[in-house]
A.B. asks: 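Below: one structure in structure tokens.
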Amino acid sequence: MSTTPDSAVRAYITLHREAFLADLADWLRIPSVSADPERAGEVRRSAEWLAAKLSDTGFPTTEIWETDGLPAVFAEWPSGDPSAPTVLVYGHHDVQPAAREDGWHTDPFAPQTIDGKLYARGAADDKGQVFFHTLGVRAHLAATGRTAPAVNLKLLIEGEEESGSPNFPALIEKHADRLACDTVIVSDTGMWSRDTPTVCTGMRGLTDCQIDLYGPDQDLHSGSFGGAVPNPATEAARLAAALHDADRRVAVPGFYDGVIELTDRERELFAELPFDEEEWLRTAHSHAPLGEAGSTTLERIWARPTAEVNGIGGGYQGPGGKTIVPSTAQLKLSFRLVAGQSAAAVQQSVRDWVAARLPAGIRHEITFWGATRPCLTPLDHPALQSLVRAMGRAFEDKIRFTREGGSGPAADLQDVLGVPVLFLGISVPSDGWHAPNEKVELDLLMKGVETAALLWGDLAETWRPA
């Protein structure tokens, strides 16, 4: 266990808290909305601001990395110990669109602190969680008397995450040598709640597609031709209905090939969480749970692969009736993937399944929009154990485990760099990511600072990667 003194870390953080929050507020005032072309200059200004601040923090190398879109920021601070682990911290400096008229109580780009909560777009997602690493590394140095971190520390802060990271895979492939590390820490996630601190251990992958179906060369009179020619809208409905079996398992042959099943221990850890299904349903604006038989709700959204009908259409959609056999129909599907699944294999299974189910007279095209691989950190990995210890010391509480049902660029880092991904986030569900009145709770933000400060020493003292 790390010998970094907790009291010294906390004393340094307390002393520098107000200056840290003032700097964060300055950064939050920059409306770095990557989805708005008119704000591309603000995204660049955000990158330049961060690069300058990381240099002020002490990072001897800070660079702005260009992409075919918006810039990322890279920083590096070697430890001086050739055997020390190398850690890459990932986050993003772009933010979601926001305007006062969306329902904000304050100007989204004029940060305000109210009742211990800092309100601003990006406060939690993700500028606050990126920025806590600056005070964290300084507290680590002050508490240990070091002049460089105990680990070789690298940061990669993306500028297009809120726009789907279109240039991120190419960026990390281009700079793979500079980004080489032993583990990646993603600070773009959250915890179960403020009373239940947690570490995420995995994210699902994703592949999605559109299936276009073509029948007659034009819409036909349903009285003259209906029941005697294939109807693409009917076939779209039949595909959607056949997607799951009676137990709500995905019925595409080969879909589950390679799936890494939950262990009994992982099921026990999920069951430790104070999950209230009725409250979850209210959050989901739904009226009953439904999913794969034999799995709990948390298992379904975190650790089981799924298939969803995202959209279905074809034929007449206007008022009243129009008795036709439509000439075309469309079906949009998405597949969430778990560790062990191959997106390419799932795509081929879907192609084969669709081709086998369609009758003669129906032509089809399938367009897949790419894929994100799943990522999973083994519970016994020494870097994960360091993170859990550091977070437990900061929160003075038992740390539990979650996963994320969604997908993100973490899998790209895992895939290209070939190292495990860890998740260090302190945001809570009420922080309102992507919503009006986004905020971060300042006491939790300081716990993130403290965790980062304690983590580097623990990693260096307990883990020497091969």
Side-chain angles (χ1 to χ4, degrees), residues 161-162 164-165 168-169 186 188-190 192 200-211 239-245 247-263 266-267 270 273 275 277 280-281 283-286 289-312 331-354 366-377 401-415 421 423 425 429 433-434:
E161 194 274 345
E162 298 293 8
S165 302
F168 190 63
V186 174
D188 184 24
T189 185
W192 180 267
C200 176
T201 60
M203 298 183 75
R204 293 192 294 186
L206 169 67
T207 186
D208 56 345
C209 67
Q210 176 171 312
I211 305 171
L239 284 175
L243 191 58
H244 298 90
D245 65 17
D247 290 326
R248 305 285 171 171
R249 285 176 58 86
V250 180
V252 176
F255 179 75
Y256 291 95
D257 289 355
V259 166
I260 297 177
E261 301 288 345
L262 277 169
T263 65
E266 287 169 322
R267 289 178 182 272
F270 285 2
L273 294 164
F275 178 61
E277 191 161 77
W280 179 83
L281 285 170
T283 302
H285 301 281
S286 191
L290 184 65
E292 182 182 0
S295 297
T296 67
T297 295
L298 288 183
E299 291 166 3
R300 291 167 181 166
I301 61 176
W302 286 350
R304 297 300 298 161
T306 61
E308 293 294 336
V309 176
N310 307 129
I312 185 170
L331 185 64
K332 295 180 186 288
L333 304 176
S334 65
F335 302 88
R336 297 287 175 172
L337 313 178
V338 300
Q341 284 182 295
S342 160
V346 167
Q347 291 175 1
Q348 189 58 52
S349 294
V350 172
R351 293 182 188 278
D352 295 342
W353 175 74
V354 171
I366 302 181
T367 303
F368 281 92
W369 293 300
T372 301
R373 292 184 60 178
C375 58
L376 180 65
T377 306
F401 297 90
T402 64
R403 294 193 194 179
E404 291 282 348
S407 307
D412 291 324
L413 291 161
Q414 176 183 266
D415 189 25
V421 173
F423 297 88
W433 291 26
H434 299 198

A.B. asks: What distance separates Arg373 CZ from Leu413 CG, expressed to the nearest 0.5 Å?
C.D. replies: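 It is 12.5 Å, given to the nearest 0.5 Å.
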A.B. asks: Holding to salt bridge (charged side-chain N to carboxylate O under 4.0 Å, His left out), I want the full list of residues that pass it with Arg267, two or more places apart in sequence or in another chain.
C.D. replies: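 Partners of Arg267 under the salt bridge (charged side-chain N to carboxylate O under 4.0 Å, His left out) test: Glu299.
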A.B. asks: Nearest 0.5 angstrom please: Phe335 CZ to Gln347 CD, how far?
C.D. replies: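 These two atoms lie 9.5 Å from each other.
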A.B. asks: Between Cys200 and Phe423, what is the shortest heavy-atom contact and its length?
C.D. replies: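 Distance-wise, the nearest heavy atoms are O-CD1, 3.3 Å.
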A.B. asks: How many angstroms lie between OG1 in Thr377 and CZ in Phe401, if you round to the nearest 0.5 Å?
C.D. replies: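 Reported value, rounded in 0.5 Å steps: 10.5 Å.
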A.B. asks: Fit a plane to each ring of Phe270 and Trp302, take the angle between them on a 0 to 90° scale, and name the class: parallel (under 30°), tilted (30 to 60°) or perpendicular (over 60°).
C.D. replies: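 If you compare the ring of Phe270 with that of Trp302, the planes turn out perpendicular.
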A.B. asks: Nearest 0.5 Å, what's the CD-CG distance between Glu266 and Leu376?
C.D. replies: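 Atom-to-atom, Glu266:CD and Leu376:CG are 6.5 Å apart.
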A.B. asks: Distance from Leu239 atom CG to Ile312 atom CD1, nearest 0.5 Å?
C.D. replies: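 With rounding to 0.5 Å, CG (Leu239) is 8.5 Å from CD1 (Ile312).
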A.B. asks: Does Glu162 offer a backbone N or O that forms a donor-acceptor pair with the side chain of His434 under 3.5 Å?
C.D. replies: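 Between the backbone of Glu162 and the side chain of His434 there is no qualifying donor-acceptor contact (under 3.5 Å).
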A.B. asks: Can you find a pair of side-chain heavy atoms, one from Leu333 and one from Asp208, that are under 4.5 Å apart?
C.D. replies: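 In short, these two side chains do not touch, never coming nearer than 4.5 Å.
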A.B. asks: Does any part of the side chain of Val250, heavy atoms only, come nearer than 4.5 Å to the side chain of Trp353, both counted from C-beta?
C.D. replies: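 Of all side-chain heavy-atom pairs linking Val250 with Trp353, none is under 4.5 Å.
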A.B. asks: Any chance you could measure Ile366, atom CD1, to Ile211, atom CD1, to the nearest 0.5 Å?
C.D. replies: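 Ile366 atom CD1 to Ile211 atom CD1 measures 5.0 Å (nearest 0.5 Å).
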A.B. asks: Taking all non-hydrogen atoms of both residues, which atom of Arg300 and which atom of Thr306 are closest, and how far apart?
C.D. replies: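 That would be O-CG2, 4.0 Å.
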A.B. asks: Quick one: does Arg204's side chain have a donor or acceptor within less than 3.5 Å of a partner on Arg304's backbone?
C.D. replies: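 Confirmed, Arg204 side chain pairs with Arg304 backbone.
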A.B. asks: What pair of heavy atoms forms the shortest contact from Trp192 to Thr402, and how long is it?
C.D. replies: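 That would be CE3-CG2, 4.2 Å.
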A.B. asks: Is a side-chain N or O of Gln348 found less than 3.5 angstrom from the main chain of Ala345, in a donor-acceptor match?
C.D. replies: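 Looks like no, no N/O pair under 3.5 Å.
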A.B. asks: Between the side chain of Asp412 and the main-chain N/O of Pro169, is any donor-acceptor distance below 3.5 Å?
C.D. replies: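 No; zero donor-acceptor contacts below 3.5 Å.
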A.B. asks: Phe368 versus Val350: any side-chain heavy-atom pair under 4.5 Å?
C.D. replies: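 The answer is yes, as the side chains (C-beta and beyond) meet within the 4.5 Å cut-off.
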A.B. asks: Give the minimum heavy-atom separation between Asp247 and Asp245, together with the two atoms involved.
C.D. replies: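 Asp247 and Asp245 have their closest heavy atoms at N-OD1, 2.8 Å.
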A.B. asks: Are any of the side-chain heavy atoms of Phe168 and Glu161 separated by less than 4.5 Å?
C.D. replies: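 With C-beta onward as the side chain, the pair stays apart.
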A.B. asks: At their closest point, which heavy atom of Gln341 faces which heavy atom of Pro305, and how far apart are they?
C.D. replies: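 Distance-wise, the nearest heavy atoms are OE1-CB, 3.2 Å.
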A.B. asks: Do the side chains of Val309 and Leu331 get nearer than 4.5 Å, heavy atoms only?
C.D. replies: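 Result yes, sub-4.5 Å side-chain heavy-atom pair found.
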A.B. asks: Say whether, by atom type as modelled, one donor and one acceptor occur between the side chain of Thr207 and the main chain of Thr372 under 3.5 angstrom.
C.D. replies: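 Side chain of Thr207 to backbone of Thr372: no pair is present.
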A.B. asks: Do you know which two heavy atoms are closest between Arg403 and Ala303, and how far apart they sit?
C.D. replies: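 Of all heavy-atom pairs spanning Arg403 and Ala303, the closest is NH1-CB, 3.5 Å.
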A.B. asks: Walk me through it: do Arg249 and Glu292 pass the test salt bridge (Lys or Arg N to Asp or Glu O under 4.0 Å)?
C.D. replies: CA-CA 5 Å; Arg249 285 176 58 86; Glu292 182 182 0; 3.0 Å; yes
